[in-house]
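Below: the structure, in structure tokens.
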Amino acid sequence: MRRLAQQFYAQPVVEVARGLIGCVVEYGQVSGVIVETEAYHDSEPACHAFVGLTARTATLFGPPGRAYVYRSYGIHALLNAVAEPEGVGAGVLIRALEPVDGIDIMRARRGLELVEELCSGPGKLTQALGVELTCNGADLTSGPLSIRARPRAWQQASILAGPRIGITKAVELPWRFWAAGSRFVSR
DNA sequence: CATGGGATTGACT
DNA sequence: GTCAATCCCATGC
């Protein structure tokens, strides 16, 4: 399965968020199918890029198809895919995966057995993948951290939309997407 | 230079 | 249901 090309990420961020459902994130020996995403855009206050170009948001304003990784609550690394053309601050938060390869490695990193709990949240999946802040700015179209196009089995998947989770601003936008019926989405 | 607020999680009442 | 852990970074003095 081919990697997603830079032109895919250059689309409007909501289209990228919807289009990433069913695609496969891979890093080293582990991989998983994306089953939940959220879109963020510099025009709305929930997005880090709302404050403009700073050291923190430089990745979001940079070229599409890169990883934006930041630390949340001092504990978790959260993984995003940078979207829209360079100069626009937008990204898609990867919120949950269905584990595919390296499940035992994920279990060891997470200290858990249950497959449904390995990647069912944005902080959980980075721990399971081994993604840390050093991945910030990594090129998803050519580096060791990659996102591949939907496998055939996922091309018919039905996708639902609703409000984003865990934010205090712009709560009303239906910019969260998930695979209908998946047991692997966050609670 | 000091301060305060998170795109969360897991443990506990 | 509540709450603490913990650190990066934007902001303000």
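Order of the sequence lines fixes the chain letters, A, B, ..., with proteins taken first and strands second; residue numbering starts at 1 for each chain. Bear in mind the structure is a predicted one, so any value in this text is a computation, not a measurement.
Of the candidate nucleotides dT9(B), dA10(C), dA7(B), dA10(C) has the atom nearest to the side chain of V51(A). Distance from the side chain of H76(A) is smallest to dT8(B) among dT8(B), dA7(B), dC8(C). You'll find that the side chain of R71(A) is closest to dC8(C), out of dA5(C), dA7(B), dC8(C). When each of dC7(C), dT9(B), dA7(B) is scored by its nearest atom to the side-chain atoms of P122(A), the top-ranked nucleotide is dT9(B). Relative to the side chain of H48(A), the nucleotides dC8(C), dA10(C), dA7(B) differ in distance, and dA7(B) lies closest. Listed nucleotides: dA7(B), dA10(C), dA5(C). Nearest to the side chain of A55(A): dA10(C).
Taking hydrophobic clusters as Ile, Leu, Val, Met, Phe, Trp and Tyr residues chained together by side-chain heavy-atom distances below 4.5 Å, F50(A) does not share a cluster with I167(A).
Electrostatic pairing of R187(A) and E117(A) does not count as a salt bridge here, judged by no charged N lying under 4.0 Å from a carboxylate O. Ion pair E172(A)/R164(A) not flagged as a salt bridge, since none of the NZ, NE, NH1 or NH2 atoms sits closer than 4.0 Å to an Asp/Glu carboxylate oxygen.
Counting non-hydrogen atoms under 4.0 angstrom, L78(A) reaches the backbone sugars and phosphates but no base.
Between R56(A) and S72(A), the residue whose closest nucleotide on DNA chain C is further toward the 5' end is S72(A). Each of V92(A) and E117(A) lies near DNA chain B, and the nucleotide nearest V92(A) is the one positioned closer to the 5' end.
A 3.5 Å limit on both hydrogen-bonding distances identifies no Watson-Crick or G-U partner for dT6(C). Nucleotide dA7(B) forms no Watson-Crick or G-U wobble pair with any nucleotide shown, as no partner meets the under 3.5 Å limit on both distances.
No side-chain donor from either of Y9(A) and Q7(A) sits under 3.5 Å from a side-chain acceptor of the other.
Residues from residues 160-187 of chain A with heavy atoms under 4.0 angstrom of DNA chain C: there are none.
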Show the atom names and distances, to 0.1 Å, of all donor-acceptor pairs under 3.5 Å that link a side chain in residues 118-128 of chain A to residues at least two apart or in another chain.
unit_1, atom_1, unit_2, atom_2, d
S120(A), OG, E116(A), O, 3.2
S120(A), OG, K124(A), NZ, 3.2
T126(A), OG1, A77(A), O, 2.5
T126(A), OG1, G123(A), O, 3.0
Q127(A), OE1, R110(A), NH1, 2.8
Q127(A), NE2, R109(A), O, 3.2

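Taking the centre of each ring, H48(A) and Y70(A) come in below the 6.0 Å mark.
Nucleotide dA7(B) holds its P atom 11 Å from the CD atom of E44(A), rounded to whole Å. Going from atom CZ of F50(A) over to atom P of dT11(C) covers 11 Å, rounded to whole Å.
Rounding to the nearest 0.5 angstrom, the gap separating the CD1 atom in I94(A) from the CG atom in N80(A) is 7.0 Å.
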